[in-house]
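Below: one structure, written as structure tokens.
Starting from 1, each residue takes its place in the sequence as its number. Just follow the structure's listing: the first ligand is 1, and inside any ligand the first atom is 1.
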Amino acid sequence: MHINFHVLGTLANTIVDPISLNYKDIPNFPVSTVEGHQGNLVFGTLSNVKVVCMQGRFHYYEGYILQKCTAPVRVLALVGINKLIVTNAAGGLNPNYKVGDIMFIKDHINFLGFGGNNPLRGPNDPRFGARFIPMNKAYDRALIKNAKEITKKMGLEKSTHEGVYVMVGGPNYETIAEVNSLRMLGADAVGMSTIPEVLVAKHCAMTVFGFSIITNECISSYDDETEPNHQEVLKAINSKAESLKEFVTILVGNIAME
Ligand SMILES: O=P(O)(O)O[C@@H]1C[C@H](O)[C@@H](CO)O1
């Protein structure tokens, strides 16, 4: 199983018998350039399950093409990973979402993909998967159900949602008109990542579970004086790190028992 715990890099510290490889020491691997993304691939066990954890991911806005951003997912497939947990920091578009809430991703809107910017663009490599792939069942329903049961037992029910994630290119945060249009499209949370990795994971038939940590409430009024910033994003993530580590550890154990 692979856990993409880029933002909660501290999860990697709970991995038993860790073997950590710095991205710069892996041939042709991209390197993380974003604050909070540490840049290690950590192998070990969690809940007695063999896992690989990515401490740091790659974004289109860093200048990498999407094929490069998602290359690690294919590396993981080649080392035998068939289940992927993806996480991200996201702005809350849904007015009911508060900072620190968790949103299980039930679906996504691939804004970059609408124009054809897709990591699967180009000649298809049939060793990984088919040319045309369905995405209507991208996020595993059984794992969402399982995750809901865990957060309920942890007393997090009221701060947990199930919603639609939309990816924009970044690195700027959204204008007010953009926030309002993304809401109209039916998105609940907005971020700058995750979807390319999910596309590549689905191409090679991985089971995917994803969740967003709501790090800021998107600003939708011209009267609002506040501005989003990366420090508040990091602060919100850090404040949730312990409970999310517990959540992921239980989820991994449950998946292994299935
Ligand atoms: O890497 P993710 O998508 O989790 O983090 C979001 C998007 C940007 O990298 C950053 C903006 O604050 O947070």
In short, side chain to side chain donor-acceptor pair (under 3.5 Å) pairs touching residues 122-136 with sequence neighbours left out are N124-H203, D125-R127
Looking at [X], which atoms of ligand 1 are within less than 4.0 Å of one of its heavy atoms?
| X | answer |
| --- | --- |
| N88 | 3 (O), 4 (O) |
| V233 | 12 (O), 13 (O) |
| H230 | 10 (C), 11 (C), 12 (O) |

I'd like to check whether H59 has a polar contact with ligand 1, where a contact means an N/O of the residue lying under 3.5 Å from an N/O of the ligand. yes
Sub-3.5 Å N/O-N/O distance, Y165 and ligand 1: no
Thinking salt bridges, do R183 and E178 make one under a 4.0 Å N-O criterion? no
Could you label the plane-to-plane angle of the F58 and F29 rings as parallel, tilted or perpendicular, counting under 30° as parallel and over 60° as perpendicular? perpendicular
Indicate yes or no for a side-chain donor-acceptor contact from K50 to the backbone of F43 under 3.5 Å, with no hydrogens or angles considered. no
Qualifying ring-ring contact (aromatic ring centres under 6.0 Å, His included) pairs with a residue from residues 156-177, counting only residues at least two apart or across chains: Y97-H161
Shortest reach to atom 5 (O) of ligand 1 by a heavy atom, considering only A89, G56, P228: A89
